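Right, one structure below, let's go through it.
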Amino acid sequence: MTISIYNTKTGKKEPLSTIKEKHINLYVCGITVYDYCHLGHARSTLVFDMIVRYLRYRGNTVTFIRNFTDIDDKIIKRAAEQGTTTEELSNRFIEAFHEDMASLGNLKPDLEPKATEHIPEIVDLIQTLIDRGLAYEQDGDVYYRVERFANYGALSGRNLADMMAGARIAVSDKKENPMDFVLWKSSKPGEPTWDSPWGAGRPGWHIECSAMSKKYLGDTFDIHGGGKDLIFPHHENEIAQSEGASGKPFVNTWIHHGFVTIKDEKMSKSLGNFLTIRELLEQYPAEVLRLFVFSAHYRTPLDFTDQAMQDAETGLDRLYGCLATLTRLPRQGDADAADTVGKKDRQKLEKLEERFCKAMDNDFNSAQALGHIFDTVKAVNKIAQHLPPTPSQQTLDRLRQAGATLKQLGDLLGILQQDPVAYLTAKQEKILSAIDLSPQQIEALIAERNKARDEKDWTRADEIRDRLLSRNIEIKDAAGGTTWQVKI
RNA sequence: GGCGGCAUAGCCAAGUGGCUAAGGCAGUGGUCUGCAAAACCAUUAUUCCCCAGUUCGACUCUGGGUGCCGCCUCCA
């Protein structure tokens with residue numbers, strides 16, 4: 001079985017082939033650091049986190065690089081607004097980004113290079129492009145000459161004539177062609193600058209990714225990823241820069257993920273309809289967000305609603321509930337007793353990993369993979385529920401094995417790694433602290449109700465029960481007495 | 001205007017040229033209970049936006065239509 005991936009470059013799913021056997025060089029476009037990250041950025045990091053974990057799980061080594069673009073017009077503007085330097089501003093938001101990543105439970109990339117730490121590489125690359133006739137200097141700016149790059153538009157399925165017809169490009173008389181894009185910008189007074197053969201200035205957007213990917217991954221590497229909005233112009237321009245300079249293919253596989261939407265509109269800063277990661281995590285645990293994100297395929301739009309998040313939370317509770325059930329199983333079973341698991345359920349438990357991998361192999365279909373997880377949970381619950389008083393050792397072993405597999409596969413999605421009992425307890429305590437009843441008061445009410453029950457005063461008993469239930473306290477009458485728990 | 005994507009049950013969301021169209025949430029019935037709750041079981045799309053075509057057979061392929069979204073300016 002091989003992993004197949006949808007490649008934007010060809011518009012098809014293709015079996016993954018790597019330059020080096022069992023090794024994958026992956027470059028993902030990171031953020032421009034001038035503000036806190038929102039849910040859309042979170043999806044991006046979550047998707048590639050899942051992809052990297054899965055690629056490694058399937059026996060590959062992965063060199064995962066995600067850059068920071070820490071010099072750019074927006075950063076300069078924002079720093080000026082805040083009366084600070086671009087360096088201070090970008091470092092502050094890089095730190096915030098790292099905090100967000102830790103909160104989300106994302107693995108660290110192997111390297112997180114910054115544009116400003118690669119100015120010499122950027123200058124070299126631009127010089128190569130000038131030497132090859134693909135770029136030209138104009139009053140201290142350097143532009144890429146798109147007409148000289150034959151494949152310009154190949155990734156995004158455009159051609160220069162169509163784009164010109166679109167005519168939404170700001171006309172600049174410095175450019176030979178309106179589609180030419182800037183590689184190096186001469187700096188205005190007060191802006192951060194670096195020396196270059198074309199005078200003091202700073203890199204344009206796009207060139208930093210070409211320079212850094214080349215430095216760390218070489219002229220040609222396996223996978224390059226980012227959001228769909230980066231296909232054009234960012235990735236198109238990277239190709240023009242990198243292939244123009246090296247004369248070699250830049251990237252074999254392009255992975256682009258879909259957007260997070262709100263009310264079916266793209267979440268973006270300019271629309272103002274965004275939620276920052278930190279705001280969101282105040283309301284929902286990271287695992288809930290992960291489950292929500294992975295419940296849709298990475299290339300489809302993902303519409304954010306509170307209802308969807310609550311659904312995800314209920315789903316996560318169900319998964320942990322199943323794992324908690326498994327911890328309560330008797331330690332020892334009857335070695336001689338027959339296995340009580342039916343053939344169909346047995347298959348579900350045994351084939352979980354296989355089904356999960358088959359789904360993930362198919363362009364990282366985490367939604368389908370999660371479906372298999374839930375399907376298995378249902379089987380586990382059923383078996384556990386119907387266990388005889390003295391269960392067979394074989395059955396217990398099966399259930400425990402399934403629990404271990406669930407946890408192992410959950411790790412590929414960054415979920416289910418907490419102790420299940422602790423997870424549920426913590427959740428109950430959190431809810432309990434938010435209501436105006438102490439455990440002592442609850443116990444007292446239960447005692448009162450039990451007295452009423454003994455006297456067959458059902459009205460009074462029900463009244464107390466409903467009162468507790470209205471505060472999210474569920475009570476359970478069992479043979480050994482009444483227990484209570486917080487409804488989650 | 002150019003290019004691309006999507007349309008599957010109340011909601012979310014997979015999927016396949018032909019076995020029962022995953023799974024989650026919500027709902028309904030049942031087991032249990034004095035009644036409940038929890039848990040579990042069962043059940044909820046004769047049908048996959050509309051029309052035409054290809055085919056023995058299409059929700060899946062082709063063409064057309066409708067609706068929604070995205071990129072073409074910064075964007076994950």
Side-chain angles (χ1 to χ4, degrees), chain A residues 8 11 28-32 34 37-48 72-74 77 153 156-159 161-170 179 205 225-234 236 256-261 264-271 274 291-292 295-297 299-303 305 307-316 318-319 321-322 325 355 359 362 365-378 381-386 453 456-459 461-462 465-466 468-469 473-479 482-485 487-488:
Chain A
T8 307
V28 175
C29 284
I31 53 164
T32 300
Y34 69 104
C37 286
H38 60 60
L39 180 50
H41 302 111
R43 185 186 195 186
S44 178
T45 63
L46 253 20
V47 162
F48 286 106
D72 146 276
D73 289 352
K74 290 191 295 294
K77 184 164 172 260
S156 53
R158 295 150 206 258
N159 61 63
D162 288 344
M163 287 189 274
M164 305 289 279
R168 274 174 65 183
I169 309 110
M179 291 307 298
W205 184 42
K228 275 188 169 153
D229 47 0
L230 295 183
I231 297 173
F232 189 90
H234 186 55
E236 198 71 72
H256 292 99
H257 64 262
F259 304 126
V260 175
T261 59
D264 292 323
E265 272 192 326
K266 182 183 171 187
M267 179 179 286
S268 72
K269 298 230 160 125
S270 48
L271 286 169
F274 62 91
L291 194 62
F292 166 66
S295 67
H297 182 85
R299 280 190 284 116
T300 64
L302 179 65
D303 198 48
T305 60
Q307 185 59 54
M309 290 299 284
Q310 279 161 28
D311 289 354
E313 182 150 22
T314 310
L316 186 67
R318 184 173 161 81
L319 297 179
C322 174
T325 301
R355 293 204 296 161
N362 183 13
N365 193 336
S366 58
Q368 191 173 44
L370 273 169
H372 296 320
I373 283 190
F374 277 103
D375 197 36
T376 306
V377 162
K378 189 192 270 186
N381 283 340
K382 187 163 83 175
I383 297 163
Q385 176 84 9
H386 293 102
R453 290 176 73 216
K456 302 224 186 290
D457 182 357
W458 306 125
T459 314
D462 291 353
R465 189 195 63 217
D466 293 343
L468 286 168
L469 192 58
I473 303 297
E474 289 169 346
I475 55 180
K476 182 171 149 192
D477 298 323
T482 303
T483 55
W484 64 276
Q485 63 174 5
K487 186 179 176 185
I488 53 177

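Letters go in sequence order (proteins before strands), and every chain restarts at 1. Being a predicted model, the structure only gives us computed values, none of them experimental.
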Original post:
More 5' along RNA chain B: A:H234 or A:T261, using each one's nearest nucleotide?
Top reply: A:T261
Original post:
Given that A:H257 and A:G157 both sit by RNA chain B, which one's nearest nucleotide is further toward the 5' end?
Top reply: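 Nearest-nucleotide comparison on RNA chain B picks A:G157.
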Tell me: [atom1] of [X] to [atom2] of [N], nearest whole Å?
X: A:D73; N: B:C74; atom1: CG; atom2: C1'; value: 9 Å
X: A:F259; N: B:C69; atom1: CZ; atom2: C1'; value: 10 Å
X: A:I31; N: B:A76; atom1: CD1; atom2: P; value: 8 Å
X: A:M179; N: B:C72; atom1: CE; atom2: P; value: 10 Å
X: A:L370; N: B:C25; atom1: CG; atom2: P; value: 12 Å
X: A:N159; N: B:G1; atom1: CG; atom2: C1'; value: 13 Å
X: A:D264; N: B:G5; atom1: CG; atom2: C1'; value: 13 Å
X: A:L230; N: B:G70; atom1: CG; atom2: C1'; value: 13 Å

Original post:
Would you say A:K476 and A:T482 make side-chain contact, with heavy atoms under 4.5 Å?
Top reply: no
Mind checking who [N] pairs with, Watson-Crick or G-U wobble, both distances under 3.5 Å?
N: B:C40; value: B:G30
N: B:C6; value: B:G67
N: B:U46; value: none
N: B:G1; value: B:C72
N: B:A52; value: B:U62

Quote, to the nearest angstrom, the [atom1] distance that separates [N] from [M].
N: B:C71; M: B:A76; atom1: P; result: 12 Å
N: B:A7; M: B:G15; atom1: P; result: 10 Å
N: B:A21; M: B:G64; atom1: C1'; result: 26 Å
N: B:C6; M: B:U28; atom1: P; result: 36 Å
N: B:C11; M: B:A45; atom1: P; result: 14 Å
N: B:G24; M: B:A39; atom1: P; result: 13 Å
N: B:A58; M: B:C19; atom1: P; result: 12 Å
N: B:C48; M: B:A22; atom1: C1'; result: 14 Å

By the 4.0 Å heavy-atom rule, please label [X] as base, sugar-phosphate, or nothing.
X: A:S156; result: sugar-phosphate
X: A:K266; result: base
X: A:G371; result: base
X: A:G40; result: base
X: A:V260; result: base

Original post:
What residues, two or more places apart in sequence or in another chain, satisfy ring pair (Phe, Tyr, Trp, His ring centres under 6.0 Å) together with A:H257?
Top reply: A:F48
To the nearest 0.5 angstrom, please state how far the [atom1] atom of [X] sits from the [atom2] atom of [Y].
X: A:D264; Y: A:F259; atom1: CG; atom2: CZ; answer: 13.5 Å
X: A:K228; Y: A:R299; atom1: NZ; atom2: CZ; answer: 6.5 Å
X: A:D311; Y: A:L316; atom1: CG; atom2: CG; answer: 12.5 Å
X: A:L291; Y: A:R318; atom1: CG; atom2: CZ; answer: 12.0 Å
X: A:Q368; Y: A:H372; atom1: CD; atom2: NE2; answer: 4.5 Å
X: A:K77; Y: A:K74; atom1: NZ; atom2: NZ; answer: 10.0 Å

**OP:** Spell out, as yes or no, whether a donor-acceptor pair under 3.5 Å connects the side chain of A:H41 to the backbone of A:H38.
**Re:**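 Answer holds: yes.
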Original post:
A:R43 side chain to A:G258 main-chain N or O, any donor-acceptor pair under 3.5 Å?
Top reply: yes
Atom pairs under 3.5 Å, N or O on each side, protein against nucleotides 34-41 of chain B: can you list them with distances?
| unit_1 | atom_1 | unit_2 | atom_2 | d |
| --- | --- | --- | --- | --- |
| B:G34 | O6 | A:R449 | NH2 | 3.0 |
| B:G34 | O6 | A:R453 | NE | 3.4 |
| B:G34 | N1 | A:D462 | OD1 | 2.9 |
| B:G34 | N2 | A:D462 | OD1 | 3.1 |
| B:G34 | N2 | A:D462 | OD2 | 2.9 |
| B:C35 | O2 | A:D462 | OD1 | 3.3 |
| B:C35 | O2 | A:R465 | NH1 | 2.2 |
| B:C35 | O2 | A:R465 | NH2 | 3.2 |
| B:C35 | N3 | A:R465 | NH1 | 2.5 |
| B:C35 | N4 | A:D477 | OD2 | 2.9 |
| B:A36 | N1 | A:I475 | O | 3.1 |
| B:A37 | O2' | A:E474 | OE2 | 3.4 |
| B:A39 | O2' | A:Q385 | OE1 | 2.7 |
| B:C40 | OP1 | A:N381 | ND2 | 2.5 |
| B:C41 | OP1 | A:K378 | O | 3.4 |

Original post:
What is the minimum heavy-atom distance between A:A369 and A:A359, and which atoms define it?
Top reply: N-CB, 3.6 Å
Original post:
Quick one: is B:C74 close enough that its OP1 or OP2 comes under 4.0 Å of any side-chain N or O from A:K77?
Top reply: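 For B:C74, neither OP1 nor OP2 has a side-chain N or O of A:K77 closer than 4.0 Å.
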Please write out the pairs of protein N or O atoms and N or O atoms of nucleotides 7-15 of chain B separated by less than 3.5 Å, giving the distance to one decimal.
| unit_1 | atom_1 | unit_2 | atom_2 | d |
| --- | --- | --- | --- | --- |
| B:A14 | OP1 | A:H297 | N | 2.8 |
| B:A14 | OP1 | A:T300 | OG1 | 3.4 |
| B:A14 | O3' | A:N365 | ND2 | 2.7 |
| B:G15 | OP1 | A:N365 | ND2 | 2.6 |

Original post:
Is any NZ, NE, NH1 or NH2 atom of the basic residue among A:D462 and A:R465 found under 4.0 Å from an Asp or Glu carboxylate oxygen of the other?
Top reply: yes
